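Report on the following structure.
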There are 2 protein chains.
Amino acid sequence: MAMEEAKGVVKHVVLAKFKDDVAPERVADLITGYAALVPVIEPMKAFHWGTDVSAENLHQGFTHVFESTFESVEGVAEYVAHPAHVEFANKLLPELEKVVVIDYKPTTIKL
Amino acid sequence: MAMEEAKGVVKHVVLAKFKDDVAPERVADLITGYAALVPVIEPMKAFHWGTDVSAENLHQGFTHVFESTFESVEGVAEYVAHPAHVEFANKLLPELEKVVVIDYKPTTIKL
């Protein structure tokens, strides 16, 4: 097989489950706050999110996906250490019951 | 805030950790087998994958991301029920120590 890696792109994927007592308005505010990092943190190129619409029941209780796009792993590191991200993470994380964060370089396979 | 949902697109995200005794060649074969579903299952429009390159240590042991793209939740349902997917899943799942599967409609926020 031949592999093709999208040049330099790194996807930063967060799966989250908010605590049951977090109000929907607070969830919406936090998601807006997440999106608001894009114009502030230079290496963060895009932000997409959505709620679970799966039917297989393998979502392990996770309800939200947050996907950010970077041009390199160094860009992710710059984002993680950026004061605006640190401040936001300190707001978001206490509202979560559980979270997984994984970064990967999306690669296709030419069959 | 205004939300913009990518029209009809559904991302099917699988986070996986292979069992420790699964050989790298077997992992590579399975990933090729996953990609080989794209030309066989009509609603499956794209497949990307990658291994964890995160530095935050919040990946909870997950080592691989598999991301498939569909045009609708109905398309995902057709994929899930397709014999080629069922056959492949029956090969993949026994090799995994843990797995999360979540589908979402990637949405952006206009600030």
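Please read all numbers here as calculations on a predicted model, not as lab measurements. Chain identifiers are assigned alphabetically (A, B, ...) following the order of the sequence lines, protein sequences preceding nucleic acid strands; residue numbering begins at 1 within each chain.
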Side chain, backbone, both or neither: which part of [X] has an atom under 4.5 Å from a heavy atom of chain A?
| X | result |
| --- | --- |
| Val100(B) | both |
| Val10(B) | side chain |
| Val80(B) | side chain |

Practice item. Take the angle between the ring planes of Tyr79(B) and His12(B) and call it parallel below 30°, perpendicular above 60°, tilted in between. Key: perpendicular

Practice item. Under the ring-ring contact (aromatic ring centres under 6.0 Å, His included) rule, collect the residues that match up with His59(B), sequence neighbours excluded. Key: none

Review point. Do Leu30(B) and Val101(B) share a hydrophobic cluster (ILVMFWY, side-chain heavy atoms under 4.5 Å, transitive)?
Key: yes

Practice item. Decide whether Met44(B) and Val53(A) are clustered together by the hydrophobic rule: side chain heavy atoms of Ile, Leu, Val, Met, Phe, Trp, Tyr closer than 4.5 Å, transitively. Key: yes

Exercise for review: Let me know if Ala77(A) has heavy atoms under 4.5 Å from chain B in its side chain, its backbone, both or neither.
Suggested key: neither

Revision key, fill the gap. From the list Thr63(A), Asp52(A), Val13(A), the residue making the most non-hydrogen contacts under 4.5 Å with chain B is Asp52(A)

Check your understanding: Looking at Ala46(A), Gly50(A), Pro39(A), which makes the most heavy-atom pairs under 4.5 Å with chain B?
Key -> Gly50(A)

Check your understanding: When you check the side-chain N and O atoms of Thr69(B) and Lys11(B), is any donor under 3.5 Å from an acceptor?
Key -> yes

Exercise for review: Flag the one option from Leu15(B), Val76(B), Val38(B) with the top tally of heavy-atom pairs under 4.5 Å to chain A.
Suggested key: Leu15(B)

Review point. Taking all atoms of both residues into account, what is the closest heavy-atom pair of Tyr104(A) and Glu67(B), and its distance?
Key: OH-CB, 3.6 Å

